[in-house]
Protein chains: 2
Amino acid sequence: MATETWKEVCRRKREEQAASIPTTWLLPSLPPASTLNVLGIPRTCGLLSEKELEITELDDIAQLLESIETGKWSSVQVVTAFAKRACIAHQLTNCLTEIFIDKALERARWLDDYLKTEGKPIGPLHGLPISLKDQFCIKGLDTVMGYAAWVGKTAEEDCTLVSLLLELGAIPYVRTNVPQTLMWGETYNNVYLRTVNPYNRLLTPGGSSGGEGALLALHGSPLGVGTDIGGSVRIPATWCGLYSLRPSYNRLPYQGACNSFEGFEAVPSVLGPMAHSLPALKTFTKAIVNAKPWDWDPEAVRKLWSEREEKLDEHGQGKGLCFGILWDDGLVRVHPPVGRALEMTKAAVEAAGHTVIEWKHYKPLEIRAVLNALFLSDGGTDFVAHTSLPPHELLLTTVFPRPDSPFSHPSLALPPPAENTLLLPHPSIPVHELYSLHVEKRQLAKGFLDAWISSRTRTGTGRPVDALLAPVMATPAPPHGRNAYDFYCEYWNVVDCPCVVLPVTKVNPEVDRKEPAWEWRCQEERVVHELYEPELFRDMPVGIQVIGRKQEEEAVLSIAQLVDDALKSHAVAKQDELES
Amino acid sequence: MATETWKEVCRRKREEQAASIPTTWLLPSLPPASTLNVLGIPRTCGLLSEKELEITELDDIAQLLESIETGKWSSVQVVTAFAKRACIAHQLTNCLTEIFIDKALERARWLDDYLKTEGKPIGPLHGLPISLKDQFCIKGLDTVMGYAAWVGKTAEEDCTLVSLLLELGAIPYVRTNVPQTLMWGETYNNVYLRTVNPYNRLLTPGGSSGGEGALLALHGSPLGVGTDIGGSVRIPATWCGLYSLRPSYNRLPYQGACNSFEGFEAVPSVLGPMAHSLPALKTFTKAIVNAKPWDWDPEAVRKLWSEREEKLDEHGQGKGLCFGILWDDGLVRVHPPVGRALEMTKAAVEAAGHTVIEWKHYKPLEIRAVLNALFLSDGGTDFVAHTSLPPHELLLTTVFPRPDSPFSHPSLALPPPAENTLLLPHPSIPVHELYSLHVEKRQLAKGFLDAWISSRTRTGTGRPVDALLAPVMATPAPPHGRNAYDFYCEYWNVVDCPCVVLPVTKVNPEVDRKEPAWEWRCQEERVVHELYEPELFRDMPVGIQVIGRKQEEEAVLSIAQLVDDALKSHAVAKQDELES
C-alpha cells in the first residue's frame with residue numbers, strides 16, 4: 001500500500017463502504033439525477049415492510065422505547081428497520097461514512113435477550129439505534145472525519161458519548177458524513193465526497209453535521225448526534241426540516257471524540273442531538289446528563305438534569321412568557337420565507353397568551369470580528385497538518401475566507417478546486433494577541449448578558465425575556481457550494497446560549513416573493529439577496545431558533561415545546577377558520 | 001505630576017494610605033523589629049474595647065450575623081471593631097492597600113437603619129464587613145494590584161463580587177496587599193512594599209492573597225476574599241493558620257475584577273474565601289452562589305447551592321468515607337511538620353470511622369511541565385506591559401523561573417533587584433503550540449479523572465475515594481524571598497478540583513526534627529530540604545488540603561467539616577488519654 005496515492009486510498013475506502021451495505025438492501029434502481037426530491041423513495045422502493053415503515057416514521061423516540069420495552073417490537077426489528085432505511089438514504093444522498101450493521105444487530109440481539117432474562121430494560125435508551133456524526137470514535141472502526149490522511153485511523157477505544165450510549169442501552173449502527181475540516185456549513189470531503197439534501201438533491205443538506213441531516217430527513221435514524229461550533233447541528237437541522245439542540249459548552253461530553261482545530265478552547269465545539277421531535281431531544285439530553293458525564297469527561301459540567309428548571313420555575317411556570325424576537329442580525333437581511341417563519345411564530349405565541357418584544361443584537365459586528373479572528377488564530381496550521389500527511393487536497397470550499405473578502409467567491413461553486421490548492425487565510429498570531437482576543441470576547445459576552453438582564457424593564461413580567469426567537473439561517477438550503485453566511489447561528493456560539501431549532505414552514509414561491517434590491521449593509525447581504533430565487537427553494541423547510549440562557553438546557557427545551565405547540569395549534573386554528 | 005517618577009508615585013500613594021488611617025487608631029508605639037510574633041498586640045495595645053475584642057474574635061460569621069440581626073450589636077459596632085483591628089494589623093504587618101472606613105461606616109449606618117425600619121436583614125450577609133484582595137474593583141477607588149503604573153487607575157464600577165456582596169448586605173471596608181504580577185506565593189510590590197507574617201515577621205504570610213492572610217491571622221477581618229491560580233488563597237491560608245476554599249473554575253464570579261495575565265484561560269484564576277472556620281466559608285459560598293452570579297458574569301456556572309450534595313448524598317451521607325492520602329507529590333518531600341499534620345489527620349479520620357488509602361499523583365512531572373509552559377506562554381508580555389508604563393521595576397522575585405533553572409536562585413532573597421532588571425523567562429509561543437498544550441492538559445485531566453474513578457476498586461465503599469487528603473505546601477511559611485515551590489497547590493488548579501485548606505497543627509521543633517539528606521529527586525527537593533530549620537519555624541501553623549471533585553464545592557466543604565471535627569475530637573481524646 002506504500003505506493004497508494006491519496007486518491008486511491010479514498011477510492012478504496014468508498015469501495016469498502018459500498019461493500020458494507022447488505023446486497024439485499026440495494027435499491028433495485030437508483031432514481032435518475034433529475035429526481036430532485038427523494039423523500040418518498042423509502043416508502044415506494046419496496047425494500048421496507050409496512051412494519052418497518054411504521055417503526056421508522058414514529059417521531060418521538062419515547063414510543064419506540066416503550067414498544068421495545070413492552071415487547072411490541074424487538075430491538076432487532078427496530079435496528080433492522082432503521083439500518084435498512086439508513087442504507088436506502090445513503091444510496092439517495094450519500095449521507096453515511098462507517099456502516100456497521102452486523103455489530104449493531106449483534107448488540108440488539110444481546111439487548112433483546114437481556115430484556116427477556118431480566119424483565120427490565122438495561123437503561124433509558126434500551127434497544128434504540130442512534131446515528132453518530134463521523135467524529136464519535138468507536139473502538140475498532142476508523143474515524144476518518146473527511147481527511148484522506150485519517151483513512152485507517154482505527155479507534156482504540158470508544159469516546160465518552162459512545163460509552164455512555166452503550167451504558168444507557170442505545171445502539172450505534174452508522175456514522176454520518178462531514179465536510180473536510182468540519183468548518184463549513186455544507187458536507188463535502190475527499191474521502192466520502194458530497195452529501196445532498198433529500199428535499200432537493202441540487203441543494204446542500206448543510207453541515208458540518210450534514211450526513212445526519214440527510215439521514216434523518218429520510219427517517220433513516222430516530223435520533224442522531226452532531227457537533228456545533230458555529231451552527232453545525234442547527235444548519236442541517238433547519239435545512240432538512242428537523243429539530244435540534246445546540247447545548248452550552250460542556251453540558252454534553254465531547255471527551256474522546258475526534259475534532260478539527262484541537263486545543264482551540266475559546267469557542268468550544270459542543271455536541272447536540274438532531275431528531276424528529278422535541279421530546280426526542282429531551283429524552284436524549286436528560287439521559288446523557290443523568291448518566292453523569294463528569295465521571296468520564298474532565299470538562300463536563302457537574303449538573304444533573306433539573307426538574308425544577310424543566311418545569312420553568314424561573315419562567316413563571318411557562319405562563320405568560322415574554323419573548324424577544326430578532327428579525328435581523330444587523331448585517332444581512334433574511335430571505336422572505338425565513339421572515340415569514342418568524343412572523344408565524346410571533347402570531348402563534350401571541351395567540352397562546354405570550355408576549356413578544358423586539359430584540360436587537362448586541363454588537364454583532366464586533367462579535368463576528370472576534371469570532372473570525374479566533375477561528376483564524378492558528379493560521380490554518382491544524383487544517384494543513386491533516387491534509388499534508390499524505391499530501392492531499394485542502395478544499396478551497398472548506399477554508400473560510402479572509403474577513404475582508406467576499407465570502408461567496410465564484411471558486412466556491414462546484415467543482416472543487418485543483419489538487420493542493422491552498423488558500424491560507426491568515427498567519428498564526430502570537431499568544432499574547434490571542435489572549436487579547438479572549439479578553440475582547442469576554443467583554444462582549446458580558447455586554448450581551450447585561451443586555452439580556454436589562455430587558456427586565458421592557459417585558460412586563462418582572463423577568464428578563466424568557467427566551468429569544470430568531471432565524472437559524474438567512475436562507476433555506478442553497479445549491480451546493482453556495483452556503484457561507486452562518487452568523488445567525490454563530491452569534492450564539494460566542495455568547496454560549498443553548499439554542500433549539502424547530503421547523504416552522506416550507507418555502508412557498510407564491511407567497512415568498514423576491515424583494516427588490518436595497519442598499520446593502522455589506523457585501524454578504526448582496527450575495528445572500530442574489531441567492532434567493534423562490535422556485536429554486538420551493539418546498540424547502542424553514543425553521544427558527546428558540547434561544548435560552550447559558551446552561552439552561554432544561555428550560556429552553558420546555559419553552560421550545562410551548563412554541564412548537566403554539567405553532568401547531570395556531571395552524572389548526574387558522575385551518576379551521578378557512579374551512580368555516 | 002507629569003514629572004513625577006514612578007518611585008515618587010509609589011511614595012505618594014503610601015502617604016495617602018497612611019493618612020487614611022484614623023489618627024486615634026494609630027498604635028501608641030510600634031513594636032521593635034525584634035518582636036517577631038505580633039499576634040497578641042491587638043489584645044494588649046489598648047485600642048480595642050472588650051466588646052471589640054469579643055466581636056473580632058468570633059470564629060464563625062454566623063454568630064456575628066445573628067448578633068447583628070437580633071440587635072445585640074449594630075453593624076456600625078461590628079464594622080468599627082474590625083476596621084480598627086485591621087488598621088492595627090496593617091501597622092504590624094503592612095497588609096492593607098485601600099482603606100475606606102468612612103464609606104464602610106456610612107453603609108453600616110444605612111444598614112442599621114434599614115434593619116430597624118424593615119424589621120429584617122436586607123440579605124444573608126447583612127452588616128458583615130468583608131475584606132477583599134486588591135483585585136476586586138470598587139467604584140471610585142484605585143485598583144493598583146501592585147503595579148506602580150496602576151496608581152490612579154480609578155474603577156468606574158464595582159466588580160461583580162462587590163455588587164453581589166452589596167446586594168447581600170455585606171460591607172467592604174479594606175483591600176489587601178498582593179505581589180506584583182500576582183504570580184508569586186509571597187507578597188511584595190513596588191507600591192505597597194512587603195507584607196509580613198504576624199506569627200513571625202521574618203517570615204512571609206505567603207501570597208498572592210498574602211495581605212488577606214496577615215489581616216485575618218490578626219482577626220482584622222471576619223472573612224476575606226482572595227484569588228487562586230496556583231495556590232494564592234491556599235498558601236496564605238495555611239501559612240497564617242486559616243481556613244480557605246479554592247473553588248472550581250467559575251463557580252464564583254470573577255467578572256470585573258482586575259487580574260494579571262488577562263485573557264489566559266487555560267488554567268483560570270478563581271476567587272475563594274479565607275476565614276477562621278469552615279462554616280464561615282460555607283456561609284459565604286452559599287450566599288454568593290444563590291445570588292445567581294450568572295446574571296452578572298457570563299462565565300459563571302449556572303448551579304444553585306445543592307443541599308443534596310451538601311448532605312453528601314453521593315458520599316454515603318458522610319458515613320464510612322474512604323479518603324486517599326497523598327504523602328508526597330513525587331518530586332519534593334514535605335517538611336517533617338507537614339508530614340506530621342497528615343499523620344494526625346489520618347489517625348483522626350480513622351478514629352472517626354473512615355478509612356484512608358494511599359494516593360499517588362497521576363503524572364505530576366507532566367502536569368507541572370504543562371502548567372509551566374502555559375504560564376510562560378505569552379513570554380511575559382502581560383507583565384512587561386504593566387511595568388513599562390511608566391517604566392518601573394519588574395521585580396525579579398515575581399518572574400517565575402525557567403523550567404530548567406533552580407527555582408530558588410540567590411537573587412530571590414532580599415533586597416529586590418536593581419531597577420528595570422528583567423528576567424524574561426521565555427519567548428512567546430505561536431498559537432498552534434498553545435493549542436497543543438491545551439490538548440496535552442486535557443489529556444492529563446482525563447488521565448487524572450480516570451485514576452480517581454478507578455479508585456472504586458480499592459475503597460471498599462463501592463464508590464471512588466470520597467476526597468483526598470494532601471499537603472498544602474511542602475514547607476511552613478519561609479523567610480521572605482524564599483518561597484518558590486507551590487506544586488502541592490498548583491496540581492489542583494490544572495485538574496480543577498475544589499480544595500479546602502484547614503489548619504491542623506504548629507511546628508514543634510522538639511518533634512519535627514530535621515531529616516538527614518537523601519538522594520534528591522530534583523534540585524527543588526534539595527533546596528526545600530535545606531530550607532528546613534526547626535527553630536526557624538517554631539510555632540508556625542501547618543495545615544492540610546481536603547480535595548474533592550470538580551464543581552463539588554458543597555460536598556468538599558461538608559467532608560472538610562467532618563475532617564475538622566475528627567481532628568478536634570481526636571485531639572481531645574488524646575488529651576483525655578494523657579490526663580487519665
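Proteins get letters first, then strands, A, B, ... in listed order; numbering begins at 1 in each.
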Inset, instruction - May I ask you to check whether over 12 heavy atoms, not counting those of B:Glu157, lie within 6.0 Å of atom CD? - result: no
Legend entry - chain A contact via B:Leu304 - side chain, backbone, both or neither, heavy atoms under 4.5 Å: side chain
Inset, instruction - Calculate, to the nearest 0.5 Å, the distance between atoms NE2 and CZ belonging to A:His432 and B:Phe264 respectively. - result: 15.5 Å
Inset, instruction - Please state whether the side chain, the backbone, both or neither of B:Glu440 comes within less than 4.5 Å of a heavy atom of chain A. - result: neither
Legend entry - Top of A:Phe448, A:Trp452, A:Trp296 for chain B proximity - count of heavy-atom pairs under 4.5 angstrom: A:Trp296
Legend entry - Atom group of B:Arg308 that falls short of 4.5 Å from chain A, counting heavy atoms: side chain
Inset, instruction - To the nearest 0.5 angstrom, please state how far the OG1 atom of A:Thr381 sits from the CD atom of B:Glu433. - result: 9.5 Å
Legend entry - Heavy-atom check, side chain of A:Glu265 versus side chain of B:Lys441, under 4.5 Å: yes
Legend entry - Pick from B:Asp295, B:Val301, B:Leu437 with the largest number of heavy-atom pairs that fall under 4.5 Å of chain A: B:Asp295
Legend entry - Selection from A:Val439, A:Asp382, A:Val431 maximising heavy-atom pairs under 4.5 Å formed with chain B: A:Val431
Inset, instruction - Please examine the side chains of A:Arg302 and B:Lys303, heavy atoms only from C-beta on, and report whether any two atoms are closer than 4.5 Å. - result: yes
Legend entry - Contacting moiety of A:Ala385, where chain B heavy atoms sit under 4.5 Å: neither
Inset, instruction - For A:Arg549 and B:Trp294, indicate whether the former's side chain and the latter's backbone hold a donor-acceptor pair under 3.5 Å. - result: yes
Inset, instruction - Could you tell me whether the side chain of B:Lys446 and the main chain of A:Asp297 form a donor-acceptor pair under 3.5 Å? - result: no
Inset, instruction - For A:Ser377 and B:Tyr435, test the side chains for any donor-to-acceptor distance below 3.5 angstrom and give the result as yes or no. - result: yes
Legend entry - Min side-chain heavy-atom separation B:Lys292-A:Glu314 under 4.5 Å: yes
Legend entry - Validation row: B:His438, A:Glu262 side chains within 4.5 angstrom (heavy atoms): no
Inset, instruction - Please check if atom CD in B:Glu156 has more than 12 non-hydrogen atoms from other residues, nucleotides or ligands closer than 6.0 Å. - result: no
Inset, instruction - Could you tell me which of A:Ile453, A:Thr160, A:Val495, A:Asp496 has the largest number of non-hydrogen atom pairs under 4.5 Å with chain B? - result: A:Ile453
Legend entry - Residue among A:Gln443, A:Glu309, A:Arg442 with most heavy-atom pairs under 4.5 Å to chain B: A:Arg442
